[in-house]
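In the text below, chain A, chain B and the rest are named by the order of the sequence lines, each starting its count at 1.
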Number of protein chains: 2
Amino acid sequence: MVEADKELTSAVEDYLKSVYAIEVEGGRATTSALAERMSVSAPSATAMMKRLDELGLVERAPYHGVTLTKKGRLCALEVLRHHRLLELYLADSLGMSLDEVHAEADRLEHVLSENLEARIDAALGYPTHDPHGDPIPDSSLRIPASTSRSLVDLDLGDTATVARVPDGDAALLRYLSEIAIVPGQELELVKAAPFGGPLTVRTGTGEHAIARELAATVGIESSLSTDA
Amino acid sequence: MVEADKELTSAVEDYLKSVYAIEVEGGRATTSALAERMSVSAPSATAMMKRLDELGLVERAPYHGVTLTKKGRLCALEVLRHHRLLELYLADSLGMSLDEVHAEADRLEHVLSENLEARIDAALGYPTHDPHGDPIPDSSLRIPASTSRSLVDLDLGDTATVARVPDGDAALLRYLSEIAIVPGQELELVKAAPFGGPLTVRTGTGEHAIARELAATVGIESSLSTDA
DNA sequence: GATGATGTTTAGCCACTACTAATTCCCAAT
DNA sequence: ATTGGGAATTAGTAGTGGCTAAACATCATC
């Protein structure tokens with residue numbers, strides 16, 4: 001804690017988000033992985049990782065990628081909290097659709113004051129999950145464990161409730177919304193093609209075949225209580 | 001219309017706001033006026049005015065200041081619309097106080113999509129004035145004429161309704177709120193010290209003497225109809 | 001009409017964030 | 001143990017937006 005917390009630029013925050021996301025997915029945050037995710041060239045990613053290292057936000061091993069420091073992880077979680085609170089607020093309070101909220105939140109997240117963050121949090125009743133089903137870090141930046149089961153874990157005939165859909169791809173989210181695969185909706189696995197083929201699910205809008213890789217990104221929880 | 005509308009940076013938008021504000025106040029947008037208002041050095045202001053000129057946003061006469069082009073005025077009005085819609089939304093829908101909304105809106109205004117702007121506009125019922133009483137440009141960027149009478153135009157014993165308070169100075173707004181000089185409140189002029197001295201007004205919280213220069217920035221309208 | 005105060009611009013600099021081209025490193029395969 | 005290919009880094013450049021110091025216009029005053 002030698003230095004006071006300086007304001008981070010939007011670019012720094014965006015890179016931190018990417019490093020965090022890669023770590024959560026279990027990968028090592030390499031230059032190429034970062035560059036890919038941020039849609040920048042490899043040298044740009046290298047330069048930024050040097051800066052993050054100097055800022056004490058990551059631990060950098062040249063040629064071997066970076067890992068978040070405690071400080072870096074907290075900054076990433078703060079931005080993630082902003083992002084997910086905003087997504088939920090835009091969806092619930094302003095009626096934006098699932099596929100629109102991500103891009104908007106991506107810009108707003110960097111200019112949200114702590115004051116406004118707290119007001120939004122309160123207005124939403126201190127929510128724990130965003131509209132895609134992803135967990136929202138609380139005000140102490142603790143984050144609930146996310147659902148571990150996905151659509152591919154269902155057996156034929158099983159029913160479940162959608163708990164999470166992947167964020168960030170607007171076209172994909174529009175498609176999933178069309179076929180009623182959105183958090184809270186019930187569905188049933190009715191067919192599973194062999195050899196890694198598509199899964200067919202029955203939703204409120206009928207039966208739909210979706211690729212197995214896509215199904216793996218759809219989180220579910222058991223439809224335990226249909227009753228109150 | 002040679003070039004497509006490129007995205008303007010936040011800095012460009014901020015300078016446009018300042019040029020607009022200076023023009024509305026009837027002044028010429030000189031380098032020093034801009035530098036003062038933006039809290040930057042004179043050379044920084046000169047450099048930016050060159051850029052705005054190249055972008056076709058202002059007409060620049062070296063050593064004599066700039067004037068907004070039609071395109072520049074529309075950009076300024078667009079940002080102003082964002083700013084004032086946000087101020088009203090933050091105050092009305094999220095309970096922020098009059099002195100807090102300006103700083104927050106100053107950051108959010110640059111990252112508001114047209115989609116979100118429209119949703120906020122609708123949620124507020126297509127308002128015409130922000131919480132400080134300043135007019136909000138409509139979706140075609142037409143702006144209602146603002147109140148022309150101020151507190152200094154009152155005669156002794158007159159009552160009026162506060163229509164506008166100056167935006168941007170949080171400490172001043174906290175003070176005005178304390179003494180109940182906020183848009184919508186009634187007041188009466190009870191004393192006017194000679195030789196440009198302070199005016200004393202009776203508000204909901206008692207009698208308060210305020211400097212004549214401050215009084216000149218408080219817009220009023222006649223309290224015509226106290227009845228329904 | 002010359003002059004000097006004031007305001008404006010130029011010159012040269014720095015930080016941030018991106019890029020391409022060229023180089024260097026690492027590791028796996030021979 | 002060497003080598004080749006892919007990944008990462010360095011080198012050099014560009015645009016944005018800020019700064020100080022120095023040079024230059026403008027205009028009111030004499």
Side-chain angles (χ1 to χ4, degrees), chain A residues 3-19 22-23 25 27-67 72 75-76 79 106-107 109-111, chain B residues 3-19 22-23 25 27-67 72 75-76 79 106-107 109-111:
Chain A
E3 328 196 349
D5 284 343
K6 277 194 304 186
E7 287 304 312
L8 302 178
T9 64
S10 296
V12 166
E13 289 182 349
D14 282 336
Y15 277 94
L16 283 176
K17 271 202 305 179
S18 287
V19 176
I22 291 170
E23 288 190 357
E25 291 168 13
R28 187 155 188 82
T30 62
T31 296
S32 46
L34 260 316
E36 159 85 25
R37 207 175 271 259
M38 295 288 300
S39 302
V40 298
S41 67
S44 299
T46 295
M48 183 56 94
M49 288 310 106
K50 275 190 194 169
R51 260 172 55 63
L52 295 192
D53 190 14
E54 281 159 17
L55 290 169
L57 297 167
V58 302
E59 201 74 42
R60 182 170 114 98
Y63 293 97
H64 295 283
V66 299
T67 49
C75 290
V79 179
D106 255 359
R107 295 194 310 276
E109 64 190 5
H110 303 297
V111 295
Chain B
E3 327 197 347
D5 283 344
K6 277 193 304 187
E7 287 304 313
L8 302 178
T9 63
S10 296
V12 167
E13 290 182 349
D14 283 336
Y15 277 95
L16 284 176
K17 271 201 305 179
S18 287
V19 176
I22 290 170
E23 289 191 357
E25 289 168 14
R28 187 155 189 82
T30 62
T31 297
S32 47
L34 261 315
E36 158 85 26
R37 207 175 271 258
M38 296 288 300
S39 302
V40 298
S41 68
S44 298
T46 294
M48 184 55 94
M49 288 310 106
K50 275 191 193 168
R51 259 171 57 61
L52 294 192
D53 190 14
E54 281 158 16
L55 290 169
L57 298 166
V58 303
E59 201 74 44
R60 183 171 112 97
Y63 292 98
H64 295 283
V66 298
T67 49
C75 290
V79 180
D106 255 359
R107 294 194 309 275
E109 64 190 6
H110 304 296
V111 295

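When A:Leu55, A:Val79, A:Leu52 are each tested for a side chain to side chain contact (heavy atoms under 4.5 Å, CB included) with A:Leu16, only one passes: A:Leu52.
With sequence neighbours left out, the side-chain contact (heavy atoms from CB on, under 4.5 Å) criterion links A:Asp53 to A:Val58, A:Arg60. Evaluation of the side chain to side chain donor-acceptor pair (under 3.5 Å) rule for B:Glu23 yields no partner, not counting sequence neighbours. Legend: residues meeting salt bridge (charged side-chain N to carboxylate O under 4.0 Å, His left out) with B:Arg107, ordered by chain and number and at least two apart, are B:Glu104.
Backbone-only contact: A:Ser32 has heavy atoms under 4.0 Å from sugar-phosphate atoms and none from a base. As judged by a 4.0 angstrom heavy-atom cut-off over every strand, B:Ala42 is placed among the base-contacting residues. Counting non-hydrogen atoms under 4.0 angstrom, A:Ser41 reaches a base of the nucleic acid. Counting any heavy atom pair closer than 4.0 Å across all strands shown, B:Ser44 reaches a base atom.
The 5' end of DNA chain C is approached more closely, in terms of each residue's nearest nucleotide, by A:Ala45 than by the other of A:Pro62 and A:Ala45. Between B:Pro43 and B:Arg51, the residue whose closest nucleotide on DNA chain D is further toward the 5' end is B:Arg51.
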| Evaluation steps, side-chain contact (heavy atoms from CB on, under 4.5 Å), between A:Leu57 and A:Leu8 | CA-CA 11 Å; A:Leu57 297 167; A:Leu8 302 178; 4.2 Å; yes
| request: Quick one: do A:Glu13 and A:Glu109 satisfy side-chain contact (heavy atoms from CB on, under 4.5 Å)? Show the steps, please. | output: CA-CA 9 Å; A:Glu13 289 182 349; A:Glu109 64 190 5; 5.5 Å; no
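Side-chain atoms of A:Thr67 and A:Arg28, non-hydrogen and from C-beta on, do get closer than 4.5 Å to each other.
In 5' to 3' order, the nucleotides of DNA chain C bounding all contacts with chain A (an atom under 4.0 Å from a heavy atom) are C:dC16 to C:dC27. Protein chain B contacts DNA chain D from D:dT16 to D:dC27, reading 5' to 3' and using non-hydrogen atoms of the protein with a distance under 4.0 Å.
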For a quick test of your reading: what N or O donor-acceptor pairs under 3.5 Å do the side chains of residues 34-42 of chain A make, sequence neighbours left out?
from, atom 1, to, atom 2, distance (Å)
A:Arg37, NH2, A:Glu25, OE1, 2.9
A:Arg37, NH2, A:Glu25, OE2, 3.2
A:Ser41, OG, A:Ser44, N, 3.4
A:Ser41, OG, A:Ser44, OG, 3.0

